[in-house]
Amino acid sequence: MMRKFLPFLMLLMSVAVFAQDKKTEAKYVKGQEKGENGDTIRLPEQDFFLLIDNDDVELANNVPVHKIIKDSLVFALLDDPGAAMIDSLWQKELFQSSLYMDFKDSLLNQEYNEVVFDELPTDTLKLRLERLNAKTPFNIEYNPLLENVIKSYLKRNKKGMERLMALSTYYFPLFEQKLDTYNIPLEIKYLAIVESALNPRARSRVGATGLWQFMFATGKMHGLDVSSYVDERMDPVMSTEAAAEYLSTLYRVFEDWDLVLASYNSGPGNVSKAIRRSGGSTNYWNLRPYLPRETAGYVPAFLATMYIFEYAEEHGFQPPHPRTTYFETDTIHTKKKLTFEQISEVTGVEKEMLQFLNPSYKLDVIPYIEGEKYSLRLPRNRSGLFVNNEAAIYGYAEALEEKKEEILPKLVEATEPIRYRVRKGDYLGRIAERHGVGVSQIKQWNNLRSNNLRVGQRLTIYPQKNATANNNSSPRIYTVKHGDSLWSISKKFPGVTVQQIKSLNNMNSNRLRPGMKLKLSDG
């Protein structure tokens, strides 16, 4: 009985499919006809993204962005699952993670007392450390202190470690690529976890910034520039290149990777002092009592992190899997100034994702200056869309800029950062004017979510060059008093640094005498 009706059912299904195809074709042709008459094609959101995500490049290019853009308005460019490469919960973990400060605090307050963790017997740990030691150039010998650090890491914040493991799937391929170029052990990639918890916008209390925590002067020395718009210490590619270069230099000096790690944290001078104080030993564990407190916990933290990542499966870690990796992105050299909002509107990539892929742009603006190169990193399935419609995108951005009332700050080179202490009566506008910067910049530099300040609060500020010279309220000449020092004088006048005073007065030393006249600004 069923066999009799089967051909009839097949015929009905064919007719239904044919009718649906005709209906879709008619809708698409109708849209084309409207486009020929000069009107903007109003594609439904799903249809538009299906076109640009389609493997058929010719088909996707038939509906370019300039067809969607009309009178500075964007149609049909709403979010969709394809554009949202990481979900909102994952984004929240990426951009609002407190792991960085947790790691920094643990280095200073690391407990070395005996930790009970029955899931990892000492004999098992010894065997695993032997295996790690055999395949790495680091000295991973068992000792009770390292055992306690490893077990304390295993007992605390398992979800935090899983988040780091998920982040590592994006950053580690980039790190390994650069480390291999400089012939550096690939295990050094774990150093970025100890340094920044894989947060490219991490900033320490003393101003060290980025994945590899470069200070302002050290970053400059390795070609990492800072301006009002861009901090290249936050650029994952550029900072990793600089870190690899610096680590390679340190290894040529010490010829021992444990000492390289220690000197990366505290400076080569502190390590050489520790060698002298230990009687000439070059074994890290012998030097450890003579190193600064943070450095004393630095190498154990590095080795504990390496152990946990290498034996994550054995300890039941189950990190989430992000939908993007470093090799699924591409860079484009931009030719005009663009904001992340504009890029998001025309590509469909959410702003949070743009911030994650392009963390070096402090104000979410890619500047344009003659002779300089700035890049935009996008998911691969959006980079082609951008390149194919660059002229239309720049035109759209310029049209918006003309209507925009907010004036963005001028691109200026930043000076060495200062730490400003908020006084009674201070407010962000006054502080910004005093240092020649914008309120939004101070908020960005200090991760402020509101304009509220409290007396005694410390702010990191990158004053513009000659900002103090234009401030009529700041004295040009200061008379040295008894008990003064260059440091105490610089603290009396916000925006003035010790180095500026020495440079303005051609001083070769820090010596002062009462009655001495010091120039504090040009003019």
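Along the sequence shown, residues carry numbers from 1. What you see is a predicted model, and the numbers here were worked out from it, not measured in a lab.
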Determine, using ring centers only, whether Y229 and Y374 are less than 6.0 Å apart. no
Apply side chain to side chain donor-acceptor pair (under 3.5 Å) to T460 and R203, showing your working. CA-CA 10 Å; T460 297; R203 188 186 298 278; 5.4 Å; no
To the nearest 0.5 Å, how far apart are CG in N199 and CE in M234? 9.0 Å
Taking only Lys NZ, Arg NE, NH1 and NH2, and the carboxylate oxygens of Asp or Glu, determine whether E147 and K151 approach each other closer than 4.0 Å. yes
Residues two or more places apart in sequence or in another chain: which of them pass side-chain contact (heavy atoms from CB on, under 4.5 Å) with N143? L145, L146, W285
Would you list the pairs meeting ring-ring contact (aromatic ring centres under 6.0 Å, His included) in which at least one residue belongs to residues 230-255, sequence neighbours left out? H222-Y246, Y246-Y264, Y251-W257
Angle between ring planes, Y462 versus F216, binned at 30° and 60°: parallel, tilted or perpendicular? tilted
Does D364 have any side-chain contact (heavy atoms from CB on, under 4.5 Å) partners at least two apart in sequence or in another chain, and if so, which? R201, F340, K351, Q355
Are R382 and T347 close enough, and set up right, to give a side chain to side chain donor-acceptor pair (under 3.5 Å), and what steps lead you there? CA-CA 6 Å; R382 290 293 181 268; T347 63; 5.6 Å; no
Under 3.5 Å, is there a donor-acceptor pair between the side chain of Y284 and the main chain of A296? yes
Is there a side-chain contact between F214 and T209 in this structure, where contact means two heavy atoms from C-beta onward sitting under 4.5 Å apart? no
Would you indicate whether the side-chain heavy atoms of K126 and T122 approach each other to under 4.5 Å? yes
Check whether the side chains of W212 and T240 place a donor and an acceptor atom closer than 3.5 Å, and report yes or no. yes
Could you walk me through whether I343 and V349 satisfy the side-chain contact (heavy atoms from CB on, under 4.5 Å) test, starting with their C-alpha distance in whole Å, then the side-chain angles of each, then the deciding distance to 0.1 Å, before giving a yes or no? CA-CA 8 Å; I343 297 166; V349 180; 5.9 Å; no
Report the residues that fulfil salt bridge (charged side-chain N to carboxylate O under 4.0 Å, His left out) with D231, sequence neighbours left out, ordered by chain and then residue number. R233
D330: which residues meet the side-chain hydrogen bond (donor to acceptor under 3.5 Å, both in side chains) condition with it, sequence neighbours left out? none
In terms of side-chain heavy atoms, does Y420 have a donor or acceptor partner in D426 at a distance below 3.5 Å? yes
Assess whether atom NZ of K273 is packed by more than 12 heavy atoms of other residues, nucleotides or ligands within 6.0 Å. no
Residues in side-chain contact (heavy atoms from CB on, under 4.5 Å) contact with A304, at least two apart in sequence or another chain: V149, I150, Y153
With a 6.0 Å cut-off (strictly less than), is the heavy-atom count around CD of Q457, excluding the residue itself, greater than 12? yes
For S278 and N286, what are the C-alpha separation, side-chain angles and deciding distance, and is it a side chain to side chain donor-acceptor pair (under 3.5 Å)? CA-CA 7 Å; S278 70; N286 295 334; over 6 Å; no
Would you please name every residue forming a side-chain hydrogen bond (donor to acceptor under 3.5 Å, both in side chains) with N139, sequence neighbours left out? none
Is there a side-chain contact between Y290 and I275 (heavy atoms, below 4.5 Å)? no
Nearest non-hydrogen partners of P319 and A166, listed with the distance: CB-N, 3.9 Å
Pairs meeting criterion salt bridge (charged side-chain N to carboxylate O under 4.0 Å, His left out) with involvement of residues 247-263, two or more places apart: none
Which residues pass the side-chain hydrogen bond (donor to acceptor under 3.5 Å, both in side chains) test with S485, not counting sequence neighbours? S488
Side-chain H-bond candidate by donor/acceptor type, N133 with E141, under 3.5 Å: no
S272: which residues meet the side-chain hydrogen bond (donor to acceptor under 3.5 Å, both in side chains) condition with it, sequence neighbours left out? none
Show me the pairs that pass salt bridge (charged side-chain N to carboxylate O under 4.0 Å, His left out) and involve residues 177-191, at least two apart or across chains. E176-K189, K178-E241
Name each donor-acceptor pair under 3.5 Å that joins a side chain in residues 306-314 to protein atoms two or more places apart or in another chain, with its distance.
from	atom 1	to	atom 2	distance (Å)
Y307	OH	R128	NH1	2.8
Y307	OH	H315	NE2	2.8
E310	OE1	K135	NZ	3.3
E310	OE2	Y190	OH	2.7
Y311	OH	R128	O	3.3

